[in-house]
K.L.:
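I have a structure here, written as C-alpha cells, and I will follow up with some questions on it.
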Amino acid sequence: MEHNNNTEEPKSENAKSLNFLETIIEDDIRSEKHGGKVHTRFPPEPNGYLHIGHAKSICLNFGLAQKYNGKCNLRFDDTNPTKEEEEYVNSIMEDVRWLGFDWEDRLYYASDYFGQLYEWAIKLIKEGKAYVDDQTSELISEQKGVPTRPGTDSPFRSRSVEENLDLFTRMKNGEFPNGARVLRAKVDMASPNMHMRDPIIYRIMHATHHRTGDDWCIYPMYDFTHGQSDYLEGITHSICTLEFVVHRPLYDWFLDNLIETEYRPRQYEFARLNLNFTVMSKRKLLQLVTEKYVNGWDDPRMPTVSGLRRRGYTPESIRNFADRIGIAKRENVIDVGLLEFSVREHLNKIAPRIFAVLNPLKVIITNYPEGQVENLDLEINPEDPSMGSRMVPFSREVYIEQDDFMENPPKKFFRLGPGSEVRLKGAYIIKCDDYRRDEKGRISELYCTYDPDTKSGTGDQRKVKGTLHWVSAEHAVNAEVRLYDRLFNTEFPDEVDDETKDFKSNLNPDSLKVITGKIEPSVKNAKVLDKFQFQRLGYYCVDPDSTEEKLVFNRTVPLKDSWAKQNK
RNA sequence: UGUCCCAUGGUGUAAUGGUAGCACUACUGAUUUUGGUUCAGUCAGUCUAGGUUCGAGUCCUGGUGGGACAACCA
C-alpha cells in the first residue's frame, strides 16, 4: 500500500451526485438494514390516467430498484370502488410498460389484502384500539376540531370491545346503510397532527368493486391500507409525495400496533412535479376531458403519459427528463421548455428527416425541362449515417414555404426574394426572376431559374446563404397536420381560481390548428406513431387517426428557431 | 394564534464543515446544403440577523418567506 500515497477518491467521470433518497438507501445498504435489500413500489389509484408527474414517480421507484439491484412492484391502491375502474387499471399498466419498466410477476392490488386488513381491524378492536362510531361525518369532523385546537372525544369512544366487535361484524355483513357507522382507530384526539385524531379506518360503501365485486360492503381507508400493504409486500422504501408527510406518524402507528416482527417498511417523501403552462391534478384533467376542452385523456395537448405518447414523445425522452429534474423536497415548477428540450434531444438522434411544406407557395422552374423528374438520393439523418438514404423526386414545379419568400426582404433574410438566390436542399440553386399574385393580391407563384451546375453532391460549388426545403408538386402527398401549442396561455393556470374565474379561463384558444401540408412521397409507408423531422420545421409523428387514404400528423415540438426569435 | 416540511443564478438540481458546480433558459462567436445539430464562450446564485468554528450554503438560535395538514379521497 505504501506505493499508493494518493488515498483520495478522484472525482471520477461517473461519480454522479446522489439525491437524498439515494443517500438514505446507500446508508441503509451499508448498515445492512433490510438485509441490504431495496424494494420499492409504484402505487397508483386506478381512478384516472397517468400523467407526467406519475412518470416522475415511476422513474424514481423503478429506477431506484434498478440502480440498487432491487425490485419494484406495481400495486393498485384500489380501496375506493366508487372511483376506480378497470379501464384505468389497463391504461396504467400500458403506460408503465411503455415507459420501459417491468414489474415482472409483482402485480398487486390493495384489494388483495382486504381479508388481512379486516383481521387487523378486528385485532385493533380486541385490543381496545379501535371503535365503531355511529355519528354523522359532520359531527365527527366537528369533534376533530381544528389544527390549532384539540378535538373532543366521540361519545362512542369508550364502547366495550364486545359491542365494537358486534357492530363491526354487522357493518361487514351489510346490516347498515352507507354512512351509518365507521370504524375509527383510537389514537389521540388532542394530537397536533389532525391525522392522529382517531382516524376513520373503515367505512360502509355498498358499491361493486372492480375486482372483489360485491364481496365487501366495508372498505378500508388509505391510511389503514398503505403501510400494511407495503409490509405484506416486503417494501423497504415506500416513497410518496410531500402531502403525505403528515400521514407518516399514522403509517408507523398502524405498523407498530399490528406487527410483531422487527422489519418495517419506511415512508419517505419527495416533492411532486409541477409544470408551467399546464395543470396536473387529476380532477382538473378529468374536467378538461369531460367538458370536451380536449379530445380525451390522450389528447396530444394533455400532460398525460398517453397524451405525450400520442404527441410523439419517446419513453427515453421522458426518462431523461425525469433524470434531469432531479429529486428533492422543495416545491418546484419545471419549465416545459426542459421537457421539450428532452424530446428534441432524442428525436434529433433518431428521427428520419423528410421534406414537408405546410404553407405551400408554388415555384415554377422555367428552365427545367417539362416532364423531367430526377430522383435525388438524400440522407435520412445527418446525425446517423447508418440510417441510409431515401429517394426524393425533383421536378419543374415545387412547393416551398410562404415564409421563405419575401417581396421586400430585410437585410439578414437568407431566403428567397426578387432576384435573389437560394439552394433547394439536396437539389439545385435557384434564382427568383418573377412572381405572380392571385386575385386577392397574395403572392401565388414564383418563377425561378435553376443553375444546372449546382446539383448537390457534385463537388465544389458556390455557396448561397439560404437553403430551403421543398416538395415536388406533382409527387407531393397531402396530409392533415395538427399543430399544437400550449394548452394554457398563462404560466400558472392553477393560480387563477376564484369565484368568477377558474383555471379554464386561461385555456389557449389556439392550442390546436389543423392544416393540410404537402409532404414528400417517401412518407407513404409511415405507420402510426412513426416519428419524423420535417426539415427546418420540427418533429412530427403519425397520429392514430390516420387512414389508408389520409395521413394525419401531430407536431410534437417545433425546431428551435433563432430567426423567428430575433424577429419577434 | 398548533404541528410538520422547505429556502442555492430566471428555472431545476449538486456541493454530506474546506475552491459554490451541472443542466435548461438567455446572450455571443465558430462550424453547418436544416436560421436545426455540434463546438467554444458570456451573463447570473447560497432569504435574513445572530451564534459555534481556524473555516459555515452546510451545524445551532431567532426572524422572514413559501408549502402541507381540519375528505366516510388517495
Side-chain angles (χ1 to χ4, degrees), chain A residues 16-20 23 43-45 47 77-80 82-84 110 133 136-137 140-142 144-151 178-184 191-197 200-205 218-219 221-223 225-226 240-249 269 271 276 282-283 323-335 337-342 344-345 348-349 353 355 378 382-383 412-415 422-427 429 454 456-457 461 463-469 533-538 558-567:
Chain A
K16 232 186 115 194
S17 57
L18 305 179
N19 65 47
F20 79 99
T23 305
E45 182 188 15
N47 68 343
D77 223 332
D78 55 351
T79 58
N80 186 348
T82 62
K83 293 193 172 175
E84 296 149 9
D133 197 327
T136 62
S137 60
I140 290 174
S141 155
E142 226 169 86
K144 272 196 180 168
V146 292
T148 53
R149 286 242 165 273
N178 289 352
R181 287 184 165 85
V182 291
L183 184 68
R184 291 226 260 168
S191 171
N193 181 341
M194 295 299 289
H195 296 275
M196 300 298 271
R197 321 248 262 226
I200 291 167
I201 61 178
Y202 263 96
R203 76 287 212 187
I204 299 170
M205 292 179 117
I218 57 171
Y219 291 92
M221 300 287 288
Y222 165 85
D223 285 307
T225 305
H226 206 89
C240 59
T241 46
L242 245 27
E243 63 268 30
F244 291 97
V245 169
V246 284
H247 293 245
R248 183 165 8 105
E269 310 86 10
N276 58 6
K282 273 188 194 170
R283 200 195 98 234
D323 234 33
R324 253 185 278 260
I325 60 178
I327 300 294
K329 296 188 79 156
R330 71 187 92 105
E331 299 289 339
N332 60 81
V333 183
I334 308 287
D335 194 321
L338 188 61
L339 221 208
E340 293 174 347
F341 167 80
S342 298
R344 279 195 197 103
E345 176 189 53
N348 177 49
K349 288 188 207 134
R353 271 57 171 171
F355 293 154
L378 304 189
E383 305 293 315
K412 298 268 266 294
F413 190 76
F414 300 162
R415 285 109 102 146
V422 89
R423 173 171 292 279
L424 293 181
K425 187 170 171 64
I429 291 176
T454 58
S456 284
Q461 298 197 354
K463 303 270 183 199
V464 285
K465 47 188 177 174
T467 302
L468 308 183
H469 62 280
Q533 186 196 89
F534 290 1
Q535 285 212 302
R536 299 209 307 135
L537 298 177
L559 249 32
K560 272 178 37 180
D561 187 347
S562 52
W563 168 247
K565 191 184 291 175
Q566 65 176 280
N567 287 289

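Since the model is a prediction, treat every value here as computed from it, not as a measurement. No hydrogens, no waters, no symmetry mates; every other heavy atom, side chains included, goes into these values. So that the names make sense, note that chain A is the first sequence line, chain B the second, and so on, each numbered from 1.
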K.L.:
Could I get the full list of side-chain contact (heavy atoms from CB on, under 4.5 Å) partners for Pro150(A), not counting sequence neighbours?
P.N.:
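Pro150(A): side-chain contact (heavy atoms from CB on, under 4.5 Å) contacts with Ala190(A).
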K.L.:
My understanding is that only residues two or more places apart in sequence, or in another chain, count here; which of them pass side-chain hydrogen bond (donor to acceptor under 3.5 Å, both in side chains) with Lys144(A)?
P.N.:
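Residues passing side-chain hydrogen bond (donor to acceptor under 3.5 Å, both in side chains) with Lys144(A): none at all.
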K.L.:
In chain order, what residues pass the side-chain contact (heavy atoms from CB on, under 4.5 Å) check against Thr79(A), with sequence neighbours excluded?
P.N.:
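With sequence neighbours excluded, Thr79(A) shows a side-chain contact (heavy atoms from CB on, under 4.5 Å) to Asp77(A), Ala110(A), Phe114(A), Pro220(A), Thr225(A), given in chain and number order.
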K.L.:
Which residue lies toward the 5' end of RNA chain B, Leu18(A) or Asp77(A), if each is placed at its nearest nucleotide?
P.N.:
Leu18(A)
K.L.:
For Ala271(A), enumerate each residue passing the side-chain contact (heavy atoms from CB on, under 4.5 Å) test, keeping only those at least two apart in sequence or located in another chain.
P.N.:
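Once residues adjacent in sequence are excluded, the partners of Ala271(A) under the side-chain contact (heavy atoms from CB on, under 4.5 Å) criterion are Leu242(A), Asn332(A).
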K.L.:
What residues form a side-chain hydrogen bond (donor to acceptor under 3.5 Å, both in side chains) with Asn193(A), not counting sequence neighbours?
P.N.:
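Once residues adjacent in sequence are excluded, Asn193(A) has no partner under the side-chain hydrogen bond (donor to acceptor under 3.5 Å, both in side chains) criterion.
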K.L.:
Suppose we screen for side-chain hydrogen bond (donor to acceptor under 3.5 Å, both in side chains). Which residues come up paired with Thr82(A), at least two apart in sequence or across chains?
P.N.:
Asn80(A)
K.L.:
Considering heavy-atom distances to RNA chain B, does Asn332(A) or Arg248(A) have its closest nucleotide positioned more toward the 5' end?
P.N.:
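It is Arg248(A), whose closest nucleotide lies nearer the 5' terminus.
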K.L.:
Which pair of heavy atoms, one from Leu338(A) and one from Arg324(A), lies closest together, and at what distance?
P.N.:
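Answer, listing the atom of Leu338(A) first, then Arg324(A): CD1-CD, 3.9 Å.
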K.L.:
Tell me, please, which residues at least two apart from Phe244(A) pass ring-ring contact (aromatic ring centres under 6.0 Å, His included).
P.N.:
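Here the qualifying residues are Tyr222(A), His247(A).
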K.L.:
In B/S/- notation, 5' to 3', how is nucleotides 65-70 of chain B contacted by protein heavy atoms closer than 4.0 Å?
P.N.:
--SSSB
K.L.:
Toss me the dot-bracket line for RNA chain B: Watson-Crick and G-U wobble, both under 3.5 Å, 5' to 3', using | for pairs to another strand and [ ] for crossers.
P.N.:
.((((((..((((....[..)))).(((((.......)))))....(((((..]....))))))))))).....
K.L.:
Could you run through nucleotides 24-45 of chain B and give me one letter per nucleotide, 5' to 3': B if any protein heavy atom sits under 4.0 Å from the base, S if only the sugar-phosphate is that close, - if neither?
P.N.:
SSSS-----BBBBS--------
K.L.:
What pairs with Val422(A) under side-chain contact (heavy atoms from CB on, under 4.5 Å), at least two apart in sequence or on another chain?
P.N.:
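For Val422(A), the residues satisfying side-chain contact (heavy atoms from CB on, under 4.5 Å) (neighbours in sequence not counted) are Leu416(A), Ile430(A), Leu468(A).
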K.L.:
Of all residues at least two apart in sequence or in a different chain, which pass the side-chain hydrogen bond (donor to acceptor under 3.5 Å, both in side chains) check with Glu383(A)?
P.N.:
none
